[in-house]
Peer 1: 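Here's a structure for you.
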Amino acid sequence: MATETETFDTSAYISHHLQNLVYGKLPAGYEREEDGHHEVLEHAEWTWAHSSQEAADMGFNALHVDSLAWSFGLGVVFCVLFAMVARKATSGVPAGLQNFVEMIVDFVDGNVKDMFHGKNALVAPLALTIFVWVFLMNFMDLIPVDLIPKIMEAFGIHYQKIVPSTDPNITLGMALGVFILMLYYSLKVKGPIAFIKELSCQPFAPPTKGPAIILAPLLIAVNLFMEIVGLLAKPFSLGLRLFGNMYAGEMIFILIATMFVGGLSFWFVLGGLLQVGWAIFHILIITLQAFIFMVLTVVYLSMSHEEH
Amino acid sequence: MNINYTLFGQMIFFVVFVMFCVKFVWPPITSAMKERIEKIADGLAAADRAEKSLELAQAKAGEDLKEAKVQAAEIIDAAKKRGDQMVDEAKLKAVEEAERIRTAAEAEVEQQIAKAREELRSSVATLSVAGAEKILGETVDAAKHSEMLNKLSAEL
């Protein structure tokens, strides 16, 4: 076995893979270490992060350019693919791509019809967008972990995370979008009073007469606390579930990939087999997670359309 | 976990793609699918109707055929009857004609006989006068003996 010229740092390999390509704002007076020389920023500056430390120091004032770019690109893939079919959609005998698209549309439409009982023309296309888009984002997980980062590195881009759904910003961004829709429809369909009543008069109905009425404010406060926590938990669980599943899946791919170190050996072959095995199993997970995200979106929106 | 502006970027993309889907993707595809469902339903109904009308047409054709057969039989019967009748008529006519010809011939024969007899009768008078003249040796005055001669010829 060939002796390695560089010792392989497994934890550096892993953390490098988990680092987004970040463009953000470094504060004034920030000390940058670069190729041995020292630099102190005079003004706050929007710049590319050169290390994980810099990315972390940017804090909130940063953009994950890779996540956003892949997410946008995959969204465009979805839109172009489906709009192309939609433009040429024929009520005659469908061919090729139209069959495929109609199958997905029919599947989503069937699910929405089963779960959503209100009247809203937005929900079904929303569910379709979420299902296909999240699926495509998850699908990036099946591309070998080192392939695209290595290609990017050849072009001088040192960090690249190609699975947008392993970025909590992306999954929570969509979940918050869904949350805003939930609030909007709750207010619109139920009306503000019914909505507040729903939050404050469940699960303990406050007494309205008798001496127990003094307990009513306490019960309302307890109800409000519980219901608001429950309400807020919905988007967070929605976003974090997808993130957690995809992050864990990505992590396993990366861990298996560390077995490739050291050239062709028993571990290399085993690693290859494990990658293939995990990828096949992961096909199930990415589809299931996309489906769960869609189903929960529809269920949450259905709940905000229901009047008690 | 590092939450940053990416979150808002993704929210904007989310809104954009959902809007795009609502406007340009969902309606044409679902309307095409709905249209196809209607078309297929119509097609099946039309096929049902066609089958039914085919059955009706077949029944009607069978009936027509039966009727035509009956009519043909009737026509053949009538033709046969008419043929027989014509043969009978022809026979009758022929018999009548034969009868007529026969009677005409008989009448002719009768006439000929009568004529011959008349001639004979008249020639009897002359012959008897001539015979008598021969016998008597003198002429007989026909006028004088005409009464006797007439009597003689009447006796013939």
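Residue numbers begin at 1 in each chain, while the letters A, B, ... track the order of the sequences.
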Peer 1: In residues 27-56 of chain B, which residues are in contact with chain A at a heavy-atom separation under 4.5 Å?
Peer 2: P28(B), I29(B), T30(B), A32(B), M33(B), E35(B), R36(B), K39(B)

Peer 1: Let me confirm one number: the CH2-CZ distance from W133(A) to F17(B), rounded to the nearest 0.5 Å.
Peer 2: 5.5 Å

Peer 1: For the atom pair CZ (F13(B)) and CD1 (I170(A)), what is the distance rounded to the nearest 0.5 Å?
Peer 2: 7.5 Å

Peer 1: Among P164(A), G177(A), A124(A), G239(A), which has the most heavy-atom pairs under 4.5 Å with chain B?
Peer 2: A124(A)

Peer 1: Given T6(B), which of V22(A), L68(A), V65(A) fulfils the side chain to side chain contact (heavy atoms under 4.5 Å, CB included) condition?
Peer 2: L68(A)

Peer 1: Highest number of heavy-atom pairs under 4.5 Å with chain B: which of A89(A), G75(A), G24(A)?
Peer 2: G75(A)

Peer 1: Heavy-atom count check: over 12 atoms from other residues, nucleotides or ligands less than 6.0 Å from F107(A) CZ?
Peer 2: yes

Peer 1: May I ask you to name which of P94(A), A175(A), A121(A) has the most heavy-atom pairs under 4.5 Å with chain B?
Peer 2: P94(A)

Peer 1: When you look at CD of E106(B), are more than 12 heavy atoms from neighbouring residues, nucleotides or ligands closer to it than 6.0 Å?
Peer 2: yes

Peer 1: Without swapping roles, check the side chain of N169(A) against the backbone of N2(B) for a donor-acceptor pair under 3.5 Å.
Peer 2: yes

Peer 1: Using a 6.0 Å cut-off, check whether atom OH of Y30(A) has over 12 heavy atoms from anything other than its own residue.
Peer 2: yes

Peer 1: Nearest 0.5 Å, what's the CZ-CG distance between F14(B) and L181(A)?
Peer 2: 6.5 Å

Peer 1: Which bit of V15(B) comes within less than 4.5 Å of chain A, counting heavy atoms only: side chain, backbone, both or neither?
Peer 2: neither

Peer 1: In Å and rounded to the nearest 0.5 Å, what is the CE to CG distance from M19(B) to L122(A)?
Peer 2: 9.0 Å

Peer 1: Counting heavy-atom pairs under 4.5 Å to chain B, which of N20(A), V85(A), T90(A) comes out on top?
Peer 2: T90(A)

Peer 1: Check whether V132(A) gets within reach of chain B through its side chain, its backbone, both or neither, counting any heavy atom under 4.5 Å.
Peer 2: neither

Peer 1: How long is the gap from OG1 on T171(A) to CG on L7(B), to the nearest 0.5 Å?
Peer 2: 8.5 Å

Peer 1: Looking only at heavy atoms and a cut-off of under 4.5 Å, which of G92(A), A55(A), A56(A), G59(A) has the most pairs with chain B?
Peer 2: G92(A)

Peer 1: What part of F78(A) gets within 4.5 angstrom of chain B, counting heavy atoms only: side chain, backbone, both, or neither?
Peer 2: side chain

Peer 1: At what distance, to the nearest 0.5 angstrom, does OG1 of T129(A) lie from CH2 of W26(B)?
Peer 2: 9.0 Å

Peer 1: How close do S71(A) and Q10(B) get, counting heavy atoms only, and between which atoms?
Peer 2: OG-OE1, 2.6 Å

Peer 1: Between A83(A) and V25(B), what is the shortest heavy-atom contact and its length?
Peer 2: N-CG2, 3.9 Å

Peer 1: Would you call the rings of F60(A) and F8(B) parallel, tilted or perpendicular if under 30° counts as parallel and over 60° as perpendicular?
Peer 2: perpendicular

